[in-house]
Number of protein chains: 2
Amino acid sequence: MIANNMIIYKKLNQQGYRITKAREKILEILSKSPKHLSVDDIYLAIKSRGENVGTATIYRAVDSLAKTGIIRKLSLLNGRASFEIINKEISTHHHHLVCRNCQTVIDYSDFIKEEIFLMKKLEKIVSKIHQFKIEDHQLSFTGLCKSCKGGD
Amino acid sequence: MIANNMIIYKKLNQQGYRITKAREKILEILSKSPKHLSVDDIYLAIKSRGENVGTATIYRAVDSLAKTGIIRKLSLLNGRASFEIINKEISTHHHHLVCRNCQTVIDYSDFIKEEIFLMKKLEKIVSKIHQFKIEDHQLSFTGLCKSCKGGD
DNA sequence: TTAAGTGCAAATATTTTGCAATGAG
DNA sequence: CTCATTGCAAAATATTTGCACTTAA
């Protein structure tokens, strides 16, 4: 059982999911990771402990964990999905700046107060208008990075 | 040649890309579509006109078009990339709402004045702080859609 | 002319599925 | 006990690459 997480177990039970070794291992890996992991990352992390969980199982497990809102599924631009625990305390939320020329992705989380305030306001407006329960957001700006825009 | 778009041609030329039949067809398809299309969608749309462009070519073409900032690459949660024209005049810019339960993606472009204003303000702040030339943004909110959150 | 671009088929990911065996409740 | 879950291998998808041929500039 992973540290102090009756809440997670409850969430699973409530939706008819069982607490299994595979799910526990995956949650443990994800909760210890500072960043989102792909299915393959999870597979390898488990392997490196001398244990084994098939990738098909991992795909099915992350799917159920995401459905219950325990983890978050991300789709970045690299063609594979990745996952992270939803836990405002632990995960550092960030936004992205993607350079269309050199493809560099800058993660930034040094939001200034004003940016955070604006995002919150936006969430509130959008959730109301579209009757959608917003739990999370992903924001990326595309353009030219400092060096690609010249005038470096 | 697709309608009134010397600007696009210029952008391609400036970066050493050529104006080819395949790129023209893809741009025409994308500019006529009200929503983002996957590579396969584009492939089929071209096919349905009795023409043909191989998928490998489409992958390479959208890649170059995205690099030049003519189209935008999106990675939603459905496991495949999709593309849309970046052109405030033609395509209506939109944001996304992605349901973590049923995976439905809702595109919305009925921004209220306040949302537009907030996004512009955000862009200004972020571009200044990170010395990044922002040309475009992608925003998606994740959570539960009207029917999945219950209380429908 | 000549480098960029294309088509096709083959190679690589990535994700899903079928099914018999296992295990949680 | 019984149904959700797993493991494995096979199937289905999605994307990339090699290479000879074609074409835009």
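Order of the sequence lines fixes the chain letters, A, B, ..., with proteins taken first and strands second; residue numbering starts at 1 for each chain.
Annotation: B/H95 is not in aromatic contact with A/H130 [ring centroid separation under 6.0 Å not met].
In this structure, A/I42 atom CD1 and C/dT15 atom P are separated by 11 Å, rounded to whole Å. What separates CG of B/L12 from P of C/dA3 is a distance of 20 Å, to the nearest Å. The distance from atom CD of B/Q14 to atom P of D/dA25 is 14 Å, rounded to the nearest whole Å. Taking atom CG of residue A/N52 and atom P of nucleotide D/dA9, one finds them 11 Å apart after rounding to whole Å. Rounding to whole angstrom units, OH of residue B/Y43 and P of D/dT15 are separated by 15 Å. Distance NZ (A/K25) to P (D/dT6): 10 Å, rounded to an integer number of Å. If you measure from atom OH of B/Y9 to atom C1' of D/dA25, you get 15 Å, rounded to the nearest angstrom. Rounded to whole Å, atom C1' of D/dT5 lies 12 Å from atom OH of A/Y17.
Side-chain atoms of B/S64 and B/R23, non-hydrogen and from C-beta on, do get closer than 4.5 Å to each other.
Here B/N78 does not reach the OP1 or OP2 of C/dT15: none of its side-chain N or O atoms lies under 4.0 Å away. Dashed line: the shortest gap from a side-chain N or O of B/Y59 to OP1 or OP2 of D/dT15 is under 4.0 Å.
When all heavy atoms of A/K149 and B/Q131 are compared, the closest pair comes out as NZ-O, 3.3 Å.
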Checking side chain to side chain contact (heavy atoms under 4.5 Å, CB included) for the pair B/K121/A/E115: CA distance, chi angles, key distance, verdict?
CA-CA 9 Å; B/K121 200 162 175 187; A/E115 184 174 0; over 6 Å; no
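Neither side chain, B/Y9 nor B/Q14, offers a donor N or O lying under 3.5 Å from an acceptor on the other.
The nucleotide whose nearest atom lies closest to any side-chain atom of B/T20 is, among D/dT6, C/dT15, C/dG5, C/dG5. Closest approach to the B/A56 side chain among D/dA25, D/dT6, D/dT17 is made by D/dT17 (side chain taken as heavy atoms from C-beta onward). For B/T57, the side-chain atoms get nearest to C/dT6 when compared with the rest of D/dA14, D/dA25, C/dT6. In the set D/dT15, D/dT17, C/dA24, the nucleotide with an atom closest to the side chain of B/A81 is D/dT15.
You'll find a donor-acceptor pair under 3.5 Å spanning the side chain of B/R18 and the base of C/dA3, going by distance alone.
Checking B/R23 against A/K21, the closest nucleotide of DNA chain C that is more toward the 5' end is the one next to B/R23. Nearest-nucleotide positions on DNA chain D for A/I58 and B/K73 put A/I58 closer to the 5' end.
Residue A/V53 is in sugar-phosphate contact alone, with no base atom involved, counting any heavy-atom pair closer than 4.0 Å across all strands shown.
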